[in-house]
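We name chains A, B, ... by the order of the sequence lines, and we start the count at 1 in each one. The figures that follow rest on heavy atoms only: side chains count, while hydrogens, waters and symmetry mates do not.
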Protein chains: 2
Amino acid sequence: MAIAKLDRRTEIRQTAKKLFKERGYAGTSMRDLAKEVGIEAASLYNHLSSKEELLHEMCFDIAEQFFTAFNTAVAEEKGSSKKLKAAIRAHIGVISSNLDASTVFFHEWVFLKEPELGKFKKLRYQYEQGFREIIQKGIADKDFKEVNVKLAVFTIFSALNATYDLYKSSEKLSQEEIVESISNLLLKGLKK
Amino acid sequence: MAIAKLDRRTEIRQTAKKLFKERGYAGTSMRDLAKEVGIEAASLYNHLSSKEELLHEMCFDIAEQFFTAFNTAVAEEKGSSKKLKAAIRAHIGVISSNLDASTVFFHEWVFLKEPELGKFKKLRYQYEQGFREIIQKGIADKDFKEVNVKLAVFTIFSALNATYDLYKSSEKLSQEEIVESISNLLLKGLKK
DNA sequence: TTTATTTACTAACGTTCGTTAGGTAAAGGT
DNA sequence: ACCTTTACCTAACGAACGTTAGTAAATAAA
């Protein structure tokens with residue numbers, strides 16, 4: 001065969017990301033998914049083993065991408081401000097190159113069942129921990145103000161994790177504009 | 001009758017907020033709701049006319065609260081920084097006194113059907129416009145940096161709208177701590 | 001005390017859910 | 001040429017969905 005057309009397996013998964021994003025996991029039926037792909041619902045099961053598997057794959061795939069991007073980004077920079085900005089860029093980068101899946105990652109992980117749910121939460125905590133450590137180091141080095149670290153990281157993630165929303169607006173913002181704007185605001189603030 | 005116990009109508013709506021928050025609108029069935037209230041699913045319909053009505057009420061009730069709180073808050077302050085901080089406080093205040101419903105407001109409005117969906121989006125745009133105008137005024141008065149207004153407001157809302165998450169963490173943060181911390185970060189930034 | 005309203009029940013409606021069983025036709029490997 | 005595998009189909013499973021109908025008991029109004 002060699003060089004097949006983009007196969008059904010992949011097509012189904014891409015379509016599932018799109019639908020889970022648009023209608024939510026619980027709001028998307030396997031029949032919806034099948035119709036969008038152009039086959040019967042039962043035929044989906046030649047390419048997957050359950051609806052839940054789709055969600056599971058999406059969430060953990062994105063989780064892994066976040067880790068990888070973070071690790072390479074911060075390794076390349078010295079200094080807390082630069083590390084933080086690099087981490088922000090990496091995080092936004094993963095979102096912008098996985099617009100559907102990352103939306104699912106942020107909103108639909110609640111439908112994971114144990115034990116995956118627990119595993120997922122743990123991964124997320126670990127990932128956030130990376131950001132907390134950058135900020136702690138920054139405070140220790142007197143680069144950053146003595147803020148409440150947890151709250152600061154919370155605020156940063158809130159801002160970053162909503163950026164998928166920016167890409168559907170009509171404004172054509174480049175990724176670097178978004179990165180610059182958000183990290184400037186978070187690092188230097190609004191006040192003159 | 002006089003002074004009835006907290007009536008069923010109210011009880012059902014409070015329980016619905018809790019369940020819609022925990023399991024999502026699509027992920028909550030009327031039988032789930034009935035069981036939690038302690039009656040049969042069919043009996044719910046003595047107190048409401050449809051599942052959708054519940055969602056509709058929650059979303060528009062919170063929308064109204066946001067408007068009211070915003071208007072009184074900014075009317076009491078002069079100067080862009082103070083107005084913005086007051087608006088932030090008001091916004092967080094509405095969230096913190098409606099923890100269930102505001103979560104539904106942020107995540108489940110997508111399940112509204114037309115024409116309510118359109119009406120909802122319009123209200124939200126108008127509300128955000130209030131924040132944009134504060135920032136525009138602040139820039140014009142040289143109080144604020146010349147930031148991309150839309151992106152700044154986007155970032156602010158992202159941070160504010162996630163605060164409902166803070167109240168379920170074990171840390172006992174007071175509302176004023178949260179307001180101070182977030183508005184300081186957004187106004188003055190992380191950098192020293 | 002009779003009457004009307006409210007609140008709950010059981011039973012069931014038609015629909016949709018995720019998924020399985022079993023079959024068919026084409027493609028690929030040997 | 002044969003056999004296996006892949007990819008689809010139709011049909012159907014039992015369960016769950018939102019909601020309606022009809023009724024009985026309790027409560028309030030007259």
Side-chain angles (χ1 to χ4, degrees), chain A residues 1-59 104 107-117, chain B residues 1-59 104 108-114 116-117:
Chain A
M1 49 138 258
I3 306 183
K5 69 163 191 188
L6 205 66
D7 68 10
R8 265 288 142 83
R9 201 190 143 83
T10 311
E11 188 191 1
I12 288 169
R13 279 155 176 78
Q14 285 182 345
T15 309
K17 287 171 193 169
K18 195 187 95 189
L19 293 187
F20 287 1
K21 168 191 158 178
E22 287 172 1
R23 315 176 189 177
Y25 177 74
T28 304
S29 75
M30 295 304 269
R31 285 171 179 85
D32 291 339
L33 174 55
K35 178 170 273 183
E36 193 84 1
V37 172
I39 59 177
E40 291 299 315
S43 307
L44 290 172
Y45 289 83
N46 288 304
H47 308 278
L48 51 87
S49 65
S50 70
K51 185 186 180 188
E52 232 196 311
E53 182 196 52
L54 291 172
L55 179 64
H56 173 270
E57 284 177 9
M58 291 178 206
C59 290
V104 174
H107 290 127
E108 309 300 327
W109 61 268
V110 285
F111 294 102
L112 288 170
K113 300 249 161 64
E114 296 294 359
E116 281 80 16
L117 180 60
Chain B
M1 47 136 260
I3 306 184
K5 69 166 190 186
L6 202 68
D7 67 11
R8 266 287 143 85
R9 198 190 147 83
T10 311
E11 188 191 2
I12 288 170
R13 278 155 178 78
Q14 284 181 346
T15 309
K17 287 170 193 170
K18 196 187 95 189
L19 293 187
F20 286 1
K21 168 192 158 177
E22 287 173 2
R23 315 176 190 179
Y25 176 74
T28 304
S29 75
M30 295 303 272
R31 285 171 179 85
D32 291 339
L33 174 55
K35 178 171 272 181
E36 193 84 3
V37 171
I39 60 177
E40 292 298 317
S43 308
L44 290 171
Y45 289 84
N46 287 307
H47 307 278
L48 50 88
S49 65
S50 70
K51 185 186 180 188
E52 232 195 308
E53 181 196 52
L54 291 172
L55 179 63
H56 172 271
E57 284 178 9
M58 292 177 206
C59 290
V104 174
E108 310 300 328
W109 61 268
V110 284
F111 294 103
L112 287 170
K113 299 250 161 65
E114 297 294 359
E116 281 80 15
L117 180 59

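A straight line from CD of E40(A) to C1' of dA12(D) spans 13 Å, rounded to a whole angstrom. With rounding to whole Å, L44(A) atom CG is found 9 Å from dC8(D) atom P. One interatomic measurement links the two molecules: CG of L48(B) to C1' of dT7(C), which rounds to 13 Å at whole-angstrom precision. The nearest whole Å value for the distance from the CZ atom in R31(A) to the P atom in dT16(C) is 9 Å. Atom NE2 of H56(B) and atom P of dG18(D) are 19 Å apart (whole Å). Counting to the nearest Å, the P atom of dG18(D) and the CG atom of L19(B) are 12 Å from each other. Regarding M30(B), its CE atom lies at a distance of 10 Å from the P atom of dT20(D), rounded to whole Å. Computed from coordinates, the K51(B) NZ to dT20(D) P distance equals 15 Å when rounded to whole Å.
Residue A26(A) is the one, among N46(A) and A26(A), whose nearest nucleotide of DNA chain C lies closer to the 5' end (criterion: closest heavy atom).
L117(B) is listed as a side-chain neighbour of W109(B), based on a closest heavy-atom distance under 4.5 Å. Inter-residue side-chain proximity for E108(A) and T28(A) is flagged as unmet; no heavy-atom pair is nearer than 4.5 Å.
Of the possible polar contacts, none joining the T15(B) side chain to the V37(B) backbone as a donor-acceptor pair under 3.5 Å is found.
Side-chain nitrogen and oxygen atoms of S43(B) include at least one within less than 4.0 Å of the OP1 or OP2 phosphate oxygen of dC9(C). Considering only side-chain N and O atoms, R8(A) lies under 4.0 angstrom from the phosphate OP1 or OP2 of dC8(D). Contact between the side-chain N/O atoms of H47(A) and the OP1/OP2 oxygens of dT6(D) is not found at any separation under 4.0 Å. S29(A) has a side-chain polar atom (N or O) that falls below the 4.0 Å cut-off from OP1 or OP2 of dC17(C).
Of the candidates dT19(D), dA8(C), dT19(C), the closest approach to any side-chain atom of S50(A) belongs to dT19(C). Distance from the side chain of I39(A) is smallest to dC8(D) among dT20(C), dC8(D), dT19(D). Which of dT10(C), dT10(D), dA7(D) sits closest to the side chain of A42(A) comes down to dT10(D).
Shown are R9(A), R13(A), K113(A); of these, the salt bridge (charged side-chain N to carboxylate O under 4.0 Å, His left out) with E53(A) is made only by R13(A).
S43(B) and N46(B) share no donor-acceptor pair across their side chains, judged by distance under 3.5 Å alone.
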